[in-house]
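Down below is the structure, laid out as C-alpha cells.
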Amino acid sequence: MAELKKKSSGTLHGSRIEDYSLIGDCETAALVSREGSIDWLCWPSFSSPACFAALLGTRDHGFWRISPKGKVKAIRRRYAEQTLIVETTFETREGEVCLIDFMPPRERHSHVVRIVRGVRGKVAMQMDLAIRFDYGRTVPWVVRTDGGLRAIAGSDMATLRADVPLHGEGMTTRSNFTVRKGEDVTFTLTSSSSLEKAPKVLSVKRALAGTQSFWRGWSRKNKYTGPYADAVERSLMTLKAMTYRPSGGIVAAATTSLPEKIGGPRNWDYRYCWLRDTAFTLLILMQAGYVEEAVEWRKWLLRAIAGAPGQVQTIYGICGERQLVEWEADWLPGYEGSKPVRIGNAAVDQFQLDVFGEVSAALSRTPQAEDEIRLSASSVQAGLIDHLCQVWPNPDEGIWETRGGPEHFTHSKVMAWVALDRAIKHHEQYDGKGDVKRWKKNRDMIHREVCRKGFDKKLNSFVQSYGSKQLDASCLRIGLVGFLPPDDPRFVGTVEAIEKRLMKGGFVERYDTKKTDDGLSGSEGAFLACSFWMVTSLWLIGRKDDARVMFDRLLALRNDVGLLSEEYDPIAKRMVGNFPQALSHIALLQAAFVMVGLWVPEPASGKKAASQVDPKRKRPSIKRERKSSKRSR
C-alpha cells in the first residue's frame with residue numbers, strides 16, 4: 001500500500017458520468033468510458049468491493065483501458081441491437097477499430113470480454129490493466145501464466161487471458177499490439193476465488209453468440225409498441241441488467257458515491273435493493289410483459305421481509321441482507337474530488353412509511369409464485385397492513401431519506417393510504433382473511449387527515465409535510481397513485497405550484513434545499529424521476545402537448561447509449577448522481593406508458609373513489625388548462 005501511494009500521480013481519472021456505458025451479467029455490472037476504459041467494476045456481485053475504482057479516484061485505484069496509441073479523430077459508440085454489448089469505434093488517421101465489450105450471462109464464473117476488431121487499415125493499440133482489490137486499496141500479487149496472468153490478494157483472484165504478449169510497467173500490465181482489417185484480438189478477465197483452481201478458458205466466439213441470444217430473446221418479450229420504443233427498450237434492458245438473477249433483487253444503481261453536486265457531500269451508496277424502487281420496477285416490468293421477473297421479485301421480497309412486520313426495512317442487500325453498515329473509504333478522493341466516498345447506507349435504519357404503500361401495491365399486482373419457504377403473500381401483506389394501522393400516525397424520514405429528523409410527510413401518509421387501499425382491494429378480490437373493516441377505517445382516516453393537514457389553501461397545493469409551506473415533488477404522485485382523481489382541483493393546483501416554484505431550467509427539483517432542513521449541507525441537481533413524474537402529471541390533467549414537449553426534452557438528456565443518472569445539473573449541463581439510476585428509468589417508462597394509454601392510475605377501492613372529490617370544488621376549465629399550457633412553454 002505504501003508503494004502505491006508513493007507512485008500515485010494524484011490525477012483524477014474518471015470521465016464525465018454521461019460518458020459511460022453499462023455492461024453486466026445480471027449479477028454485477030461494469031462502467032466503460034467512451035475512451036475504452038473500464039473504471040468501475042464490483043466483483044463478484046453488485047455490492048462486492050470494487051476491483052476497478054478509478055471512477056472515484058485515480059488510475060492507481062484500478063482501471064482497464066484499451067484504446068489506440070495515436071491520436072483519435074472520432075469516437076462512435078452504440079449498443080449492438082437489442083443487447084447489452086457495447087461497440088465503441090475509434091477512427092484514427094491510420095484506420096478504424098471497433099472495441100466490443102460485454103459480460104456473458106454467468107454460469108460458474110463472471111467474465112469481462114473485450115474484443116478489438118480491425119475495421120479499416122492498420123491501427124496501433126495499447127492495453128493497460130491495473131487491478132486493485134478492496135475499492136482500489138489492495139495491490140494484488142501478479143504472476144504470469146500461459147497466455148496471460150493471474151492477480152491474487154487474499155481470497156480474490158482475477159485471471160487475464162490475452163491473444164497478445166503482456167508485460168509489466170509501473171505496477172500496471174501493458175500490451176502494445178497492432179490490429180489490421182478483419183483481425184480480432186481478444187482479452188478475457190475472469191473472477192474467481194484464489195482457493196479454487198484457475199477457471200477454464202472461455203470460448204470468446206461462443207460467449208459472444210450466447211450473450212447476443214440471451215439479450216435479444218429477453219427483448220422480444222417487450223409488449224410496448226408506441227412512439228418511444230427505443231427509449232423504452234433500453235430502459236427495460238437497463239433495469240434487467242441491474243437485477244441480481246440468483247435472488248431477483250434489483251439494485252437502485254450500479255455505483256456508489258457519484259455526487260448529487262460536483263464537489264459536494266451528498267454522495268450515497270445505491271448498490272442495494274430499496275423496497276420502493278423494486279416495487280416501482282416490478283409494476284413497470286409487469287406492464288411490459290415480464291412476468292418471470294415479477295415472480296422472482298415476489299420470492300425475493302417474501303424472503304427479505306420474512307419475520308416480524310415491525311422489523312421491515314427500507315433497504316436490503318441483494319440477497320435480502322439486513323446489515324448494511326455505512327462507512328467511508330477515506331483513501332479514495334471521490335469523483336472529481338467529491339468526498340466522502342460512502343460504502344453501505346445508513347438509511348437502512350430509517351423509518352420510511354411510504355414503502356408500505358409501494359410494497360402493498362406490488363404484492364396486489366404481481367402474480368402468485370410457489371417458492372421453497374412457502375410464505376403466503378396475502379398473509380405477509382395482512383401482517384404488514386395490521387402493523388401499518390399502528391404506526392401510520394407517527395412521523396417518518398420520508399421518500400427522500402432526509403437526515404434532519406422525522407416529519408409528518410404528506411407523501412408518506414398518501415402512500416400509507418395506498419397500502420391500505422390496495423390491501424383492501426386484494427383481500428376482497430381473493431377472499432383474504434385480513435381485518436378489512438379495520439383497514440377501511442384507517443384508510444378513510446388517513447385520507448381525511450391528508451386533505452386537511454397536507455393541503456395549503458393559500459398555495460393551492462399539497463405541501464411537503466403537515467403545516468409546512470414548502471413544496472415537494474413527491475406530491476406529484478398523489479394523482480399517480482389514485483389518492484385523488486387527476487382532474488381534482490387540488491391535484492391540478494399542486495402540479496401547477498410545483499411547475500412554478502420547483503422547476504429550474506425546465507427540470508424539477510425534489511424540494512428547495514435552501515429552505516428545507518434535511519440535515520445535509522450543499523445543494524443538488526434536478527431529480528430526473530421527479531421531472532418524469534411531472535410529464536405524467538401534465539398528461540393526466542389534460543396538458544398533453546406540454547407533457548410531450550417536456551418528455552422530449554428529458555429524453556434528450558440520455559447519453560449516446562440511452563442511459564440516465566439520478567440527477568441533472570442544468571447549469572453545468574451534465575449528469576450527476578449515481579449511474580445508471582433505476583428510478584430515473586422507471587419514471588421514464590411510466591411516462592412513456594401513460595402517453596400511449598398502456599397505464600392509468602389505479603382507482604381507489606369501493607365507493608370511496610367517487611367521493612374523494614370535494615363537490616364544492618369546481619373542476620378545472622378548458623380555458624384554464626390552455627392558459628396553463630402556455631405558461632409551461
Side-chain angles (χ1 to χ4, degrees), residues 22-31 40-53 84 103 105-110 112 134-135 155-156 191-193 237-258 268-282 285 290 292-307 311-327 342-349 355 358-359 362 366 369 371-373 375 401 566 578-583 585-586:
L22 180 81
I23 58 174
D25 59 9
C26 296
E27 295 189 36
T28 191
L31 296 188
W40 183 255
L41 172 61
C42 299
W43 249 356
S45 72
F46 290 108
S47 53
S48 298
C51 63
F52 298 138
L84 206 69
M103 298 181 71
R106 192 179 305 191
E107 294 180 357
R108 181 176 180 183
H109 297 108
S110 181
V112 176
D134 301 320
Y135 298 106
S155 62
D156 294 313
S191 171
S192 63
S193 169
M237 201 170 296
T238 301
L239 295 178
K240 174 64 174 176
M242 294 194 289
T243 302
Y244 186 65
R245 188 162 57 171
S247 71
I250 303 169
V251 296
T255 58
T256 178
S257 298
L258 289 182
W268 317 108
D269 192 347
Y270 280 7
R271 298 169 301 143
Y272 307 111
C273 304
W274 269 251
L275 292 187
R276 176 188 308 111
D277 289 5
T278 52
F280 285 167
T281 304
L282 263 296
L285 289 175
Y290 292 98
E292 180 181 346
E293 281 72 15
V295 170
E296 292 305 312
W297 177 83
R298 178 186 284 267
K299 292 180 181 179
W300 174 86
L301 175 68
L302 295 178
R303 289 191 297 267
I305 66 176
Q311 295 181 329
V312 170
Q313 298 179 178
T314 302
I315 314 171
Y316 292 87
I318 53 178
C319 291
E321 302 93 334
R322 292 172 175 260
Q323 297 295 325
L324 307 176
V325 178
E326 184 176 303
W327 55 279
R342 291 183 171 94
I343 310 299
N345 200 305
V348 70
D349 297 320
V355 299
E358 281 97 13
V359 169
T366 51
D371 60 89
E372 64 279 7
I373 58 177
L375 276 174
E401 300 171 353
E566 179 184 21
N578 282 304
F579 177 87
Q581 178 76 2
L583 191 55
H585 286 279
I586 295 164

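Basis for what follows: all heavy atoms, side chains included, without hydrogens, waters or symmetry-related copies.
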Please report the closest heavy-atom contact between [X] and [Y], naming both atoms and the distance.
X	Y	value
A304	G320	CB-CA, 4.2 Å
M237	L84	SD-N, 4.0 Å
F46	A241	CZ-O, 3.2 Å
D277	A252	OD2-CB, 3.4 Å
R342	T256	O-OG1, 2.5 Å
P580	L31	CD-CD2, 4.3 Å

[Y] side chain reached by [X] side chain, heavy atoms, under 4.5 Å:
X	Y	answer
D156	C51	no
C273	W300	yes
M242	H585	no
R106	T28	yes
R271	N578	no
L301	L275	yes
E401	T314	yes

Rounded to the nearest 0.5 Å, what separation is found between the [atom1] atom of [X] and the [atom2] atom of [Y]?
X	Y	atom1	atom2	result
Y135	W40	OH	CH2	6.0 Å
T281	L239	OG1	CG	5.0 Å
Y244	D25	OH	CG	9.5 Å
I318	S247	CD1	OG	6.0 Å
Y290	L285	OH	CG	8.0 Å

Could you tell me whether the side chain of [X] and the main chain of [Y] form a donor-acceptor pair under 3.5 Å?
X	Y	value
E321	Q323	no
E326	A346	yes
S191	P44	no
S155	S193	no
Y272	D269	no

Inset, instruction - Look at the rings of Y270 and W274 and say which category their plane angle falls in: under 30° parallel, 30 to 60° tilted, over 60° perpendicular. - result: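 The arrangement is perpendicular - the two ring planes meet at more than 60°.
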- Can you check side chain to side chain contact (heavy atoms under 4.5 Å, CB included) on R322 and Y316, steps first, answer last? CA-CA 5 Å; R322 292 172 175 260; Y316 292 87; 4.0 Å; yes
Is it true that the side chains of S110 and W43 contain a donor and an acceptor less than 3.5 Å apart?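 Checked: S110/W43 side chains pair up, N/O donor to acceptor below 3.5 Å.
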